[in-house]
Amino acid sequence: MSGGPPIVLIPLHVRRDPRGNLVAIEPGDGALGFEIRRVYYIYDVPEGGARGGHAHKKLRQLMIAVAGRVGIVLDDGVGRSRVTLEDPSKALLVTEMMWREMDRFAPGTVCLVLASEAFDEGDYIRDYDAFLAAVGP
Ligand code: TYD
């Protein structure tokens, strides 16, 4: 896919250690681009399953495949970009007014999401045509 929104991957600080690596994420880390107000994770997605399929009016998110592999499609209403997340040291920035779809989950995948706002169903746009109308010219 080309011509879609840029894929922004933010490198996380990894404390590499022969005993195993560690990544710490704290509020106030300017590299993340926003204050974290919520954390959730998606796991045990059945084979062939998909998540997402919506946009947010205000919410910003960072997605990290802390285990496994997941495909993310970002759609800004003009074009679509696809990225595979599989590196626990990189966080994908998903900005507001960005349609996102998550698919191609490898077995055992855990996708951690850092969010800029508390949960608010009113912030969702779950209808694709409504999304296009909202971002359209
Ligand atoms: P949804 O955001 O639609 O899932 P995804 O985009 O990952 O496919 O959320 C699924 C359900 O969980 C929906 O009923 C809202 C609820 N939910 C919360 O209560 N709190 C949260 O932080 C999130 C992300 C979802």
Side-chain angles (χ1 to χ4, degrees):
M1 263 173 252
S2 61
I7 297 297
V8 179
L9 290 168
I10 295 175
L12 303 172
H13 178 214
V14 182
R15 295 167 198 280
R16 298 195 184 276
D17 190 311
R19 300 173 300 160
N21 298 332
L22 184 152
V23 174
I25 299 169
E26 293 197 20
D29 182 347
L32 300 180
F34 57 79
E35 281 295 328
I36 300 162
R37 298 208 170 78
R38 177 166 51 108
V39 174
Y40 65 94
Y41 49 94
I42 295 169
Y43 68 105
D44 271 358
V45 175
E47 193 178 346
R51 303 280 322 206
H54 56 76
H56 288 277
K57 297 172 196 164
K58 187 174 165 203
L59 186 74
R60 298 187 140 216
Q61 295 179 312
L62 290 164
M63 296 183 172
I64 306 162
V66 292
R69 185 173 64 250
V70 55
I72 311 282
V73 171
L74 297 182
D75 179 336
D76 60 5
V78 178
R80 292 194 151 208
S81 303
R82 173 177 278 281
V83 63
T84 300
L85 291 187
E86 55 185 341
D87 181 346
S89 75
K90 292 198 171 64
L92 173 69
L93 177 65
V94 183
T95 55
E96 65 275 18
M97 294 309 281
M98 187 71 71
W99 190 267
R100 87 286 317 272
E101 291 168 8
M102 308 169 74
D103 61 7
R104 304 181 189 176
F105 284 83
T109 295
V110 182
C111 186
L112 178 69
V113 183
L114 313 177
S116 66
E117 311 294 334
F119 176 75
D120 174 12
E121 184 61 40
D123 187 63
Y124 281 75
I125 303 176
R126 294 190 180 275
D127 179 80
Y128 188 66
D129 289 336
F131 167 71
L132 289 181
V135 293

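Order of listing sets the numbers, starting from 1, for every ligand and every atom in it. Model, not experiment: these values are computed from the prediction. These numbers come from the heavy atoms of this one structure, side chains and all, not from hydrogens, waters or symmetry mates.
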Would you say Arg100 touches ligand 1, if touching means a heavy atom closer than 4.0 Å?
no
Arg80/Asp75 ion pair, N-O < 4.0 Å:
yes
With nothing but distance in play, are any N or O atoms of Gly52 less than 3.5 Å from an N or O of ligand 1?
yes
Go through ligand 1 atom by atom and flag the ones less than 4.0 Å from a non-hydrogen atom of Ile42.
7 (O)
Nearest 0.5 Å please: distance from the CZ atom of Arg38 over to the CD atom of Glu117.
8.5 Å
min-distance protein heavy atom vs atom 22 (O) of ligand 1 -> Arg38 NH1, 2.5 Å
Report yes if some heavy atom in the side chain of Phe34 is under 4.5 Å from a heavy atom in the side chain of Leu93; otherwise report no.
yes
Under-4.0 Å heavy-atom contact with ligand 1, by part of Met102 that carries it
neither
If you count heavy atoms of other groups shown closer than 6.0 angstrom to OH of Tyr124, is the number above 12?
yes
Parallel, tilted or perpendicular, as decided by the 30° and 60° cut-offs, for the rings of Phe131 and Trp99:
tilted
N/O of Glu121 under 3.5 Å from N/O of ligand 1, yes or no?
no
Give me the nearest non-hydrogen protein atom to atom 6 (O) of ligand 1 as residue plus atom name, then the distance to 0.1 Å.
His54 NE2, 2.5 Å
Distance check, rounded to the nearest 0.5 Å: Met63 atom CE versus Ile42 atom CD1?
6.5 Å
Can you tell if the side chain of Asp120 reaches within under 4.5 Å of the side chain of His56, non-hydrogen atoms only?
no
Counting heavy atoms only, which part of Val113 comes closer than 4.0 Å to ligand 1: side chain, backbone, both or neither?
neither
Can an N or O of Arg51 be found at a distance shorter than 3.5 Å from an N or O of ligand 1?
yes
Is there a protein heavy atom less than 4.0 Å away from atom 8 (O) of ligand 1?
yes
Looking at atom 13 (C) of ligand 1, what's its closest protein heavy atom, distance included?
Arg126 NH2, 4.2 Å
Nearest heavy atom to atom 18 (C) of ligand 1, choosing from Tyr41, Tyr40, Tyr124, Phe119, belongs to Phe119
Please name the pair of heavy atoms, one in Met102 and one in Val70, separated by the smallest distance, quoted to 0.1 Å.
CB-CG2, 4.2 Å
Given the protein's heavy atoms, is any one of them under 4.0 Å from atom 15 (C) of ligand 1?
yes
Using a strict threshold of under 4.0 Å (side-chain N to carboxylate O), is an ion pair present between Glu96 and Arg60?
yes
